[in-house]
**Student:** 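Before I ask anything, let me first share the structure, which is written out below as structure tokens.
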Amino acid sequence: MDALKALVLYLIMLHTCKITATNATYGEWKTATATYTKEKDGSIIIEGACGYGDLHRETYGKYSAGLSSMLFNKGSTCGACFEVRCVNHILWCLRGSPSIILTATDFCPPNYGLSADYGGWCNLPMEHFEMSEAAFTEIAVRRAGIIPVQYRRVKCERKGGMRFTTSGSSDFYQVLITNVGLDGEVIAVKVKGSRTGWIPMARNWGQNWQSNVNLTGQPLSFEVTTSIGRTLTSYNVAPANWQFGQTFAGKQF
Ligand SMILES: *[C@@H]1O[C@H](CO)[C@@H](O)[C@H](O)[C@H]1NC(C)=O
């Protein structure tokens with residue numbers, strides 16, 4: 001009986017490890033669709049549902065993408081990287097199916113007035129990428145309206161440290177976290193002032209994290225955890241005289 005229990009436990013553990021491993025190695029290609037939005041400078045919407053604002057122009061540029069609800073995962077996927085290639089369309093896909101790497105920076109809202117196969121690309125349960133025209137034309141011909149794609153999660157290659165942008169007021173403190181390497185998907189954040197312990201922050205929207213603790217006048221340290229369970233601590237990222245609206249660089253995964 002004990003042996004049986006041990007076996008069941010072993011199988012459960014094996015299963016759990018398998019899930020974690022899949023998460024960490026990304027791997028498998030899945031099918032989705034993609035369209036593009038026309039914009040002169042090649043970047044998607046300025047603010048975006050991830051809250052990156054103008055920051056994403058310099059960080060993610062034309063490789064920014066809006067994701068349908070299925071992929072957006074209520075903003076948790078903001079900052080995650082996807083390799084995308086056009087497949088199975090001889091007229092629309094560029095020869096050799098070249099791939100590009102996109103960063104999730106925005107939400108592609110559903111349009112339930114349209115059916116999922118005619119305009120409602122971002123409706124549940126569709127998996128859809130809304131790309132910049134510049135990125136789109138690296139994998140498909142411009143005149144293709146919507147293309148079949150394959151995608152897979154990949155490691156985010158980032159230059160420099162993670163960036164922390166403060167906003168708010170003394171009794172509402174918010175930090176936006178960008179330029180995150182590894183899986184790019186921040187799932188937990190803690191902040192510490194010189195006079196406080198580690199304070200868990202709550203996701204406000206996208207990759208904006210908030211707390212109600214007054215941290216004015218204290219140097220700030222951050223502890224960031226990503227979806228694959230890696231945690232990185234950047235000490236004294238912001239000096240004591242930090243101001244709201246400033247951006248500071250921390251360590252990188
Ligand atoms: C926040 O802390 C700073 C520095 O200690 C102080 O000057 C300010 O009055 C505090 N703000 C609030 C709303 O308590």
Side-chain angles (χ1 to χ4, degrees), residues 43-61 64-67 69 71-81 103-109 156-253:
S43 79
I44 313 256
I45 303 145
I46 306 209
E47 184 73 16
C50 293
Y52 294 148
D54 274 340
L55 280 174
H56 93 251
R57 277 174 193 273
E58 49 190 271
T59 316
Y60 312 121
S64 305
L67 271 52
S69 312
L71 293 167
F72 191 69
N73 195 15
K74 297 194 174 95
S76 178
T77 328
C78 286
C81 297
T103 297
T105 59
D106 203 4
F107 174 56
C108 177
C156 298
E157 302 289 347
R158 304 286 186 219
K159 290 199 189 84
M162 270 189 279
R163 291 206 272 274
F164 300 89
T165 304
T166 58
S167 63
S169 61
S170 61
D171 52 0
F172 174 76
Y173 173 82
Q174 187 167 283
V175 67
L176 171 67
I177 304 175
T178 53
N179 204 45
V180 181
L182 211 62
D183 55 313
E185 184 179 342
V186 177
I187 57 157
V189 179
K190 285 180 186 167
V191 63
K192 184 184 157 351
S194 51
R195 296 193 295 271
T196 72
W198 285 103
I199 304 158
M201 302 187 83
R203 187 193 300 278
N204 184 338
W205 52 295
Q207 287 300 354
N208 279 288
W209 296 78
Q210 66 175 70
S211 99
N212 296 322
V213 179
N214 181 2
L215 295 163
T216 304
Q218 301 181 51
L220 305 176
S221 302
F222 294 96
E223 187 192 279
V224 173
T225 303
T226 74
S227 68
I228 62 167
R230 286 273 301 279
T231 297
L232 186 64
T233 308
S234 304
Y235 287 99
N236 301 322
V237 167
N241 63 351
W242 64 268
Q243 306 285 312
F244 289 110
Q246 288 182 320
T247 300
F248 304 97
K251 288 204 255 176
Q252 186 58 272
F253 281 102

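Note that ligands are numbered from 1 as they come in the structure, with each ligand's atoms numbered from 1 the same way.
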**Student:** Can you tell me which residue among Thr178, Val237, Leu232 is in a side-chain contact (heavy atoms from CB on, under 4.5 Å) with Met162?
**Tutor:**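 Single side-chain contact (heavy atoms from CB on, under 4.5 Å) partner of Met162 among Thr178, Val237, Leu232: Leu232.
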
**Student:** How about Tyr235: does its OH atom have over 12 heavy atoms from other parts shown lying under 6.0 Å from it?
**Tutor:**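 Counting neighbours around OH of Tyr235, 12 or fewer heavy atoms of other residues, nucleotides or ligands fall under 6.0 Å, so no.
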
**Student:** Nearest 0.5 angstrom please: Ile187 CD1 to Asn73 CG, how far?
**Tutor:**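 The CG atom of Asn73 is 10.5 Å from CD1 of Ile187, to the nearest 0.5 Å.
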
**Student:** With a 4.5 Å limit on heavy-atom distance, are the side chains of Ser69 and Phe107 in contact?
**Tutor:**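 Yes, side chains in contact.
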
**Student:** Determine whether any protein heavy atom is located less than 4.0 Å from atom 14 (O) of ligand 1.
**Tutor:**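 There is a protein heavy atom less than 4.0 Å from atom 14 (O) of ligand 1.
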
**Student:** Got the closest protein heavy atom to atom 5 (O) of ligand 1, with its distance?
**Tutor:**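 Of every protein heavy atom, Arg195 NH2, 3.9 Å lies nearest to atom 5 (O) of ligand 1.
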
**Student:** Counting non-hydrogen protein atoms only, what is the nearest one to atom 4 (C) of ligand 1? Give residue, atom name and distance.
**Tutor:**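 For atom 4 (C) of ligand 1, the nearest protein heavy atom comes out as Thr216 O, 3.7 Å.
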
**Student:** Could you check Tyr173, Phe248, Phe164 and say which one makes a ring-ring contact (aromatic ring centres under 6.0 Å, His included) with Trp242?
**Tutor:**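 Answer to the ring-ring contact (aromatic ring centres under 6.0 Å, His included) test with Trp242 among Tyr173, Phe248, Phe164: Tyr173.
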
**Student:** Closer than 4.0 Å to some heavy atom of Ser170 - which atoms of ligand 1 meet that?
**Tutor:**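 Counting atoms of ligand 1 from 1, those under 4.0 Å from Ser170 are 11 (N), 12 (C), 13 (C).
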
**Student:** Establish whether atom 9 (O) of ligand 1 and some protein heavy atom are separated by less than 4.0 angstrom.
**Tutor:**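 Given the 4.0 Å limit, the answer for atom 9 (O) of ligand 1 is no, no protein heavy atom qualifies.
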
**Student:** Do any nitrogen or oxygen atoms of Asn214 lie less than 3.5 angstrom from nitrogen or oxygen atoms of ligand 1?
**Tutor:**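 N/O-N/O distance below 3.5 Å exists for this pair.
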
